[in-house]
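Presented below is the structure to which this report refers.
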Amino acid sequence: MVVLAKGELEQIALPAAQPPLAHVRAVDLSAAPGPGRAAAARALVTACEEQGFCKVTGHGVPPELVRAVEAAAAEFFALPQADKEAAAGRPLGYGSKRIGVSGDLGWIEYLMLGVTPAGALPAASFASWTLPCAADAVAASLSEPPCPLRDLLEEYAAAVRRMACGVLELMAEGLGVAPADALSRLVSDAESDSMLRVNHYPPRPELQGRLLTGFGEHTDPQIISLLRSNGTSGLEICARDGSWAAVPPDPDAFFVNVADALQVLTNGRFRSVRHRVVVSSERPRVSMIFFGGPPMGERLAPLRQLLGDGGRSRYRDFTWKEYKSSTHKGRLAADRLCSFEN
Ligand SMILES: C=C1C[C@]23C[C@@]1(O)CC[C@H]2[C@@]12CC[C@H](O)[C@@](C)(C(=O)O1)[C@H]2[C@@H]3C(=O)O
Ligand SMILES: O=C(O)CCC(=O)C(=O)O
Ligand SMILES: [Fe+2]
């Protein structure tokens, strides 16, 4: 449940719906090596250059796994508020209406977890709080109660990470960058700082037809985000000319966001996409996003092959840890990369 005071509702009210995105670029990840794969690599690079965003099909994440995670997440969000609050933590765990610590609000509740490449959720995610499962007296008496949602999220994160690495390899190929794992190694690394976020946007409350902000505009700080949602609309992306467009939902596909660290790694050739979620529907929206990030100590510097003739980086030297901590200091909508430019 999301409870907002009247003043808070006013803060997140939005005036108008946006037109649908005219052309959603789509890339088939299942293309076999050869001309088909080369074309997919080119299409991916073009999409990342022009929109910082595309849709991927042929992604290899089993549809039954996606359905099972979504059903378990819906069960979690349907639990009594007190049970969900028992899983609250900052920044990981359950949260509602507050995004970050700088006063950003949205018509949203969510679960946020740290995820390691082995697929196992690190202690930090679960040791500090317990993810409540459907009440089960036997399970509750065990020290390690079985938790279908936790197990499913682990399996899901591992499958989506594999896909993220596949997408990053295809990008490297399209960019003509060697070795093939120049980008993907950062997300497959045992120390990769990745996260999984499950967002639940309850149906729009009665507000004389006005829309609400579910998740305010922002760019994702990591390398790559892979987003899957149910069939409820809400995601909007911002084009380079500043206009917003609604992304038609596609529950069978994943959406790829170029995130800030990838903008740096490509020396600005790819641009991280500004996006937001608008709550305009009578139906709930559930989205699950994998944020693939580098190890904390990783130096974020453009790949050598992308420096161009001048050999000049557009960004000063910094680590992911430095960038991540800077993101937590500001507002959601901030342009975080500008203070790292040369
Ligand atoms: C307001 C904030 C929430 C956020 C951390 C930040 O200070 C700025 C970036 C936000 C964001 C956007 C993408 C992801 O949803 C997220 C988990 C992330 O890594 O950066 C969120 C952060 C959050 O909700 O804590
Ligand atoms: O929930 C969505 O569809 C997008 C949310 C988002 O942009 C985020 O969690 O960073
Ligand atoms: Fe985002």
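Worth knowing before you read on, the calculation uses all heavy atoms, side chains too, and leaves out hydrogens, waters and symmetry mates. Remember, it's 1-based here, ligands and their atoms both numbered in the order they're listed.
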Sub-3.5 Å donor-acceptor pair from the side chain of [X] to the main-chain atoms of [Y], do we have one?
X      : Y      : answer
Trp107 : Pro203 : yes
Asn267 : Arg312 : yes
Gln263 : Ser272 : yes

Suppose we only allow N, O or S atoms; which atom of Asp220 ends up nearest to the Fe ion (ligand 3)?
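Distance check against the Fe ion (ligand 3) picks out OD1 in Asp220.
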Gap between atom [atom2] of [Y] and atom [atom1] of [X] - 0.5 Å precision:
X      : Y      : atom1 : atom2 : value
Glu109 : Glu85  : CD    : CD    : 9.0 Å
Glu236 : Thr213 : CD    : OG1   : 9.5 Å
Arg25  : Gln51  : CZ    : CD    : 5.5 Å
Ile289 : Phe255 : CD1   : CZ    : 12.0 Å

Around [atom], find the nearest protein heavy atom and jot down its residue, atom name and distance.
atom                    : value
atom 13 (C) of ligand 1 : Asp220 OD1, 3.3 Å
atom 11 (C) of ligand 1 : Pro221 CD, 4.2 Å
atom 25 (O) of ligand 1 : Met112 CE, 3.7 Å
atom 10 (C) of ligand 1 : Leu332 CD1, 3.7 Å

Ligand-side contact atoms (ligand 1) for residue partner [X], heavy atom cut-off under 4.0 Å:
X      : result
Gly330 : 7 (O)
Ile99  : 1 (C), 3 (C), 24 (O)
Gly100 : 1 (C), 2 (C), 3 (C)
Thr327 : 6 (C), 7 (O), 8 (C)

Any nitrogen or oxygen of Gln222 lying under 3.5 Å from a nitrogen or oxygen in ligand 1? Just yes or no.
yes
Say whether Arg336, considering both its backbone and side-chain N or O atoms, lies within less than 3.5 Å of an N or O atom on ligand 1.
no
Considering only heavy atoms, which of Met195, His218, Arg197, Arg98 lies nearest to atom 22 (C) of ligand 1?
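Comparing heavy atoms across Met195, His218, Arg197, Arg98, the nearest one to atom 22 (C) of ligand 1 lies in Arg197.
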Closest heavy-atom approach to atom 14 (C) of ligand 1 among Tyr110, Phe215, Phe291 is made by Phe291
I'd like to know whether [atom1] of [X] has more than 12 heavy-atom contacts from other residues, nucleotides or ligands below 6.0 angstrom.
X      : atom1 : value
Lys321 : NZ    : no
Asp241 : CG    : yes
Gln81  : CD    : yes

Go through the steps to decide whether Val69 and Glu155 satisfy the test side chain to side chain contact (heavy atoms under 4.5 Å, CB included), and finish with yes or no.
CA-CA 9 Å; Val69 187; Glu155 198 181 334; over 6 Å; no
Measure the distances from the heavy atoms of Ser102 to every atom of ligand 1 and state whether one is below 4.0 angstrom.
no
Output yes when Glu298 and Arg185 qualify as a salt bridge under the 4.0 Å nitrogen-oxygen rule, no when they do not.
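Looking at Glu298 and Arg185, the cut-off is met.
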Is the shortest distance from a Lys or Arg side-chain nitrogen in Arg316 or Glu341 to a carboxylate oxygen in the other one below 4.0 Å?
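Looking at Arg316 and Glu341, the cut-off is not met.
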Location of contacts on Lys329 toward ligand 1, heavy atoms closer than 4.0 Å:
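Contact part for Lys329 vs ligand 1: neither.
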Report the angle formed at the Fe ion (ligand 3) by atom NE2 of His218 and atom NE2 of His275, rounding to the nearest 10°.
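Taking the Fe ion (ligand 3) as the apex, the two atoms subtend 90°.
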Sub-4.0 Å protein heavy atom next to atom 5 (C) of ligand 1
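Yes.
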Protein residues having a heavy atom less than 4.0 Å from any atom of ligand 2:
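Only Arg197, Asn199, Tyr201, Phe215, His218, Asp220, Leu227, His275, Val277, Arg285, Ser287, Ile289, Phe291 have heavy atoms that fall under 4.0 Å of ligand 2, ordered by chain and number.
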Quick check: do Phe290 and Val115 have side-chain heavy atoms less than 4.5 Å from each other?
yes
